[in-house]
Structure formats: C-alpha cells, structure tokens
> 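Quick one: this structure, given as structure tokens, is what I'll be asking you about.
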Number of protein chains: 2
Amino acid sequence: MNQKTHSCQLKLRVSRDVLEVIQGKWRLPIVLALTFGNKRFGELQRDIADISPKMLSQELKALEENKIITRTLYDSMPVVVEYSLTPLGHSMKKLLDEILIWGAHFRKEVIKS
Amino acid sequence: MNQKTHSCQLKLRVSRDVLEVIQGKWRLPIVLALTFGNKRFGELQRDIADISPKMLSQELKALEENKIITRTLYDSMPVVVEYSLTPLGHSMKKLLDEILIWGAHFRKEVIKS
DNA sequence: GTAACTACTTACCGTGGGGTAACTACTATA
DNA sequence: TATAGTAGTTACCCCACGGTAAGTAGTTAC
C-alpha cells in the first residue's frame, strides 16, 4: 500500500461519514434554508416548497441528533418553535457554497446544452 | 417576495439539481477515487472496498450520462477499460475538498466526542 | 361554536435503491 | 484441461426512503 492508495482510502472513509449525515432528499435543503436565518416549522415548510410535514419533522430530528441544528421552544402563546444552525451547522457554509457554485456550473454545462 | 426569500428559493433549486446528480451511496466515492487518477473497473472495485460490481457498473453509467466521467475502451488483449474524469468531473474537486474538510471537522466535533 | 393557525404525529402504502449470488464471454497461463 | 484474470450482466429480494391523508392538541379570531 503506497502513499497515494493510503490517502485515497482515508478520503473515501471521510466521504462516507459525510454522506451518512447529508444523505437524502431534504437535509441539505433544510440546512441551506437555515443559512438565511433562524426559521420556524411553518416557514421551512413554505420555503422548501414540496416537503411534507412528516419528512420535515423527521429530518429536523436527524439534523438535531447530528448537532447540525438546534430546536428552541418559546413558551409564548401560541407556542413557537425556532430552528437554527449550531456552530457545526454554520461550518457547512463553505461546503454549501461550493455545492451552489458547482451546481451553477453544472447547469450551464449539462442541463442547458 | 423580498430579495432574501428570492435568493433562498433560487439556491434551493440549485441544490436540488446537484443532489439529483450526486445522490446515493456511491457516486461521490467513485468521483473521489478518480481524482487520484484514471482507473480501471477492477481498481475501482478494490479501492471502494464494499461496492458490488452491479452497483459500480450502474453508477459509472449514470456518471457517464451526466458527463462527469468518461469510459475509454482499449482494444488490447485482454480488453482493458479505463474510467477518467471529464473537465466537468474535475470541476468537482473544490466541492470534494470542502466535503473532506468539513468531514474531518465533523469527525472531530461529533463522532469522537 | 366553529374555523383557522400553531406544530407536529400516526397510519398506511409503493417504489426503487441497494444487496447477494450466480452467470457470461474472452484470454492467458500452468 | 482447468484455473485465474479481464469487465461486466442478470435474477432475485428486502427494506427504508419518501409520499399521502388524516388526526392531535392548544390558542386565537370571527
């Protein structure tokens, strides 16, 4: 096992860790929406056009378990729940930016042509 | 619809385009493995430890259709097939780098602790 | 009193992503 | 003749991801 193969194996393992966290149709969109500021359940549902309350609730829980977002309950009337990014969540911004940059590039290269 | 909401909607659409291309357990690992140089079917199978030939074949086809990789057949004996990144594939390097950077950060913050 | 808003939860269901195992076809080597 | 290496393909199966629809619980406005 040479240096290159070793480095490749290492990176593959890291990529699989990341995929476990961001896999699925909705997690990246949710995190992305929260980079625009803290949001409530209903706001997220409106922003992410066709997500169902079931999926939103389920994915928010998963993201909370992975310490990407925080759920804050305000005991006002009516009850208000706010979701926000943790520092770890904020640390995804550069990753999200690169996804958007590449996405724009991809759109130009493949989708249009 | 204010400026912020509009920007959010736009970015959400782009992120969903990207997800369509990189979704699944194997596509990012395959592209990542190919950033280390052109590889043959068997090499990829060995590098990506537990991928089955069926999944590898299937995902390579999908990546080829999306112009991320190229399949080159050499008419030698025995027949040799080489997979390589297209310019579009190479353009994913920064995105992959950010994934790896964040993955290392995530590992430090969540997995270990 | 009833409709609507908050934030969900629960039940049910279908598709397809992904896994396993075996098989194909050709060549080289022992 | 048989075993191993090239690069896949095919058949079969399962479960989980995700969708739909309806229900819950509390408050507010009409």
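Numbered from 1 within each chain, the chains take letters A, B, ... in sequence-line order.
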> Between B:S15 (side chain only) and A:P29 (backbone N and O only), is there a donor and an acceptor less than 3.5 Å apart?
no
> Going by side chain to side chain contact (heavy atoms under 4.5 Å, CB included), name the residues that satisfy it together with A:N38, two or more places apart in sequence or in a different chain.
A:E82, A:S84
> Could you work out the complete set of other residues in the hydrophobic cluster of A:Y74, with links drawn between I, L, V, M, F, W and Y side chains under 4.5 Å apart?
A:V80
> Kindly write out the residues that satisfy side-chain hydrogen bond (donor to acceptor under 3.5 Å, both in side chains) with B:S91, not counting sequence neighbours, or none if the list is empty.
A:W102
> On DNA chain D, compare the nucleotides closest to B:R46 and B:K61; which residue's is nearer the 5' end?
B:R46
> Show every donor-acceptor pair shorter than 3.5 Å between a side-chain atom in residues 49-61 of chain B and any protein atom, with sequence neighbours excluded, or say none if there are none.
from: B:D50; atom 1: OD1; to: A:R16; atom 2: NH1; distance (Å): 2.8
from: B:S52; atom 1: OG; to: B:M55; atom 2: N; distance (Å): 3.3
from: B:E59; atom 1: OE1; to: B:R27; atom 2: NE; distance (Å): 2.7

> Measuring only between side-chain heavy atoms, which start at C-beta, is B:D47 closer than 4.5 Å to A:Q9?
yes
> Can you list the residues that meet the side-chain hydrogen bond (donor to acceptor under 3.5 Å, both in side chains) rule with A:Q45, with sequence neighbours excluded?
none
> Among residues 27-45 of chain A, which residues get a heavy atom nearer than 4.0 Å to DNA chain C?
A:R40, A:F41, A:G42
> Among all residues two or more places apart in sequence or in another chain, which pass the side chain to side chain contact (heavy atoms under 4.5 Å, CB included) test with A:I22?
A:V18, A:L28, A:M92
> Between the two end axes of the helix from C:dG1-D:dC30 to C:dA30-D:dT1, each built from 5 base pairs, what angle do you get to the nearest 10°?
10°
> Go through B:V81 and B:F41 one step at a time and tell me if the side-chain contact (heavy atoms from CB on, under 4.5 Å) criterion holds.
CA-CA 7 Å; B:V81 179; B:F41 193 90; 5.6 Å; no
> At their closest point, which heavy atom of B:A33 faces which heavy atom of B:L44, and how far apart are they?
CB-CD2, 3.9 Å
> Does anyone know the first and last nucleotide of DNA chain C in reach of chain A, 5' to 3', at under 4.0 angstrom to a heavy atom?
C:dT6 to C:dA11
> By the 4.0 Å heavy-atom rule, please label B:Y83 as base, sugar-phosphate, or nothing.
sugar-phosphate
> I'd like to check the side chain to side chain contact (heavy atoms under 4.5 Å, CB included) partners of B:T35; sequence neighbours left out, ordered by chain and number.
B:L32, B:L85, B:K93, B:L96
> Test of understanding: with side chain to side chain contact (heavy atoms under 4.5 Å, CB included), list the residues that count as partners of A:E43, not counting sequence neighbours.
A:K39, A:R40, A:R46
> Where along nucleotides 14-30 of chain D does protein come under 4.0 Å, by heavy atom, of base (B) or sugar-phosphate alone (S), with - for untouched nucleotides?
----BBB------SS--
> Backbone N or O of A:V110 within a donor-acceptor pair of the B:K67 side chain at under 3.5 Å?
no
